[in-house]
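For reference, the structure is listed below as structure tokens.
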Amino acid sequence: MIATQLSTAIKHTRAHSAAGRFNDKAAVVSRSAVHSVQRPKQRSQSHAKLTTCRAVKEQTATSAGPSTEWFQKIVQLPAKQRGCHIITRNLLQELPELGEYEVGMANLFVMHTSASLTINENASSDVPLDLNDSLDRIAPEGPHYRHADEGSDDMPAHVKSSLMGASLNIPVRQGQFAMGTWQGLYLNEHRNHGGSRKVCVTIQGQKRSDGRKYPASRW
């Protein structure tokens, strides 16, 4: 009877082991099937990304607009007396190339340390006078400066130049400076006898696609 029980237990053990091996094989086959289904999907996603990148590059190359062009010129302005002077018309007369540009930016840079540039009202003749008087009150002449080698008006001129600034950035639109109706370009001469002044004009932008020029500015 004992032998019969042992034989039955051995049979159950063998059956259980066989079932376990079968289940393990089934799990392996199942995982392999899942991987075989997922891999083509991953390859498909990678292919889709590559196709999208190529499409973006082709679209960028196709939609590239006109190239940006640079222009630079030094404009020599005649000597002016001490004070603030509207130079919009004088400057534009020296820049016929401006009419070639559809859109862009212009940088004006005065190449001196005793003069400055600014934008202010162009209608009333009192504005330039009041502006100069205000600068004289802010930086008056006198013996209170260390730098006095070049005259009593020299160091105040340096102060005024730093306060007002040496450069301006102006938008360019359809061959003109895109300024307001009552805005004008000022050259501020801070010395009694400053002499001729140089302004470096640099334009970056896109020219008209038809190669023509816009009419001269209304200024």
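Just so you know, these numbers come straight off a predicted model, no measurement behind them.
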Just checking [X]: does its [atom1] atom have more than 12 heavy atoms from other residues, nucleotides or ligands closer to it than 6.0 angstrom?
X	atom1	answer
Gln81	CD	no
His147	NE2	yes
Arg173	CZ	no

From [X] [atom1] over to [Y] [atom2], what is the distance, rounded to the nearest 0.5 angstrom?
X	Y	atom1	atom2	result
Ser196	Lys198	OG	NZ	8.0 Å
Leu131	His85	CG	NE2	11.0 Å
Ile170	Ser167	CD1	OG	10.0 Å
Phe177	Leu98	CZ	CG	5.0 Å
Leu108	Thr202	CG	OG1	8.5 Å
Thr181	Met179	OG1	CE	10.0 Å

Salt bridge flag under 4.0 Å for residues [X] and [Y]:
X	Y	value
Lys160	Asp153	no
Arg197	Glu189	yes
Arg191	Glu141	no
Glu97	Lys73	yes

Side chain to side chain contact (heavy atoms under 4.5 Å, CB included) between Gln204 and Thr68, intermediate numbers included: CA-CA 7 Å; Gln204 178 191 19; Thr68 299; 3.4 Å; yes

Polar side chain donor-acceptor pair, Glu102 to Tyr214, under 3.5 angstrom: yes

If hydrophobic clusters are built by linking Ile, Leu, Val, Met, Phe, Trp and Tyr wherever their side-chain heavy atoms come under 4.5 Å apart, do [X] and [Y] end up in the same one?
X	Y	result
Ile138	Tyr145	yes
Leu187	Val159	no
Leu92	Leu77	yes
Leu91	Val172	yes
Val199	Leu168	yes

Stepwise side chain to side chain contact (heavy atoms under 4.5 Å, CB included) test for Gln72 and Cys200: CA-CA 7 Å; Gln72 189 173 79; Cys200 181; 3.8 Å; yes

Side chain proximity check, Val201 to Phe109, heavy atoms < 4.5 angstrom: no

Side chain to side chain, Tyr186 and Val127, heavy atoms closer than 4.5 Å: yes

Any donor-acceptor N/O pair, Thr88 side chain to Leu185 backbone, under 3.5 Å: yes

Expected output: side-chain Lys207 to main-chain Val103 donor-acceptor under 3.5 Å: no

How close do [X] and [Y] get, counting heavy atoms only, and between which atoms?
X	Y	answer
Val110	Ala115	CG1-O, 3.9 Å
Pro140	Pro156	O-CG, 3.8 Å
Ala166	Leu117	O-CD1, 3.7 Å
Leu135	Met164	CD2-SD, 3.8 Å
Met105	Pro171	SD-CA, 3.6 Å
Asn192	Arg82	OD1-NH1, 3.0 Å

His190-His158 aromatic ring centre distance below 6.0 Å: no

Passing option when Asn188 is tested against Pro128, Ser161, Cys84, Ser114 for side-chain contact (heavy atoms from CB on, under 4.5 Å): Cys84

Stepwise side chain to side chain contact (heavy atoms under 4.5 Å, CB included) check, Ile87 with Lys80: CA-CA 11 Å; Ile87 60 166; Lys80 296 183 179 297; 3.9 Å; yes

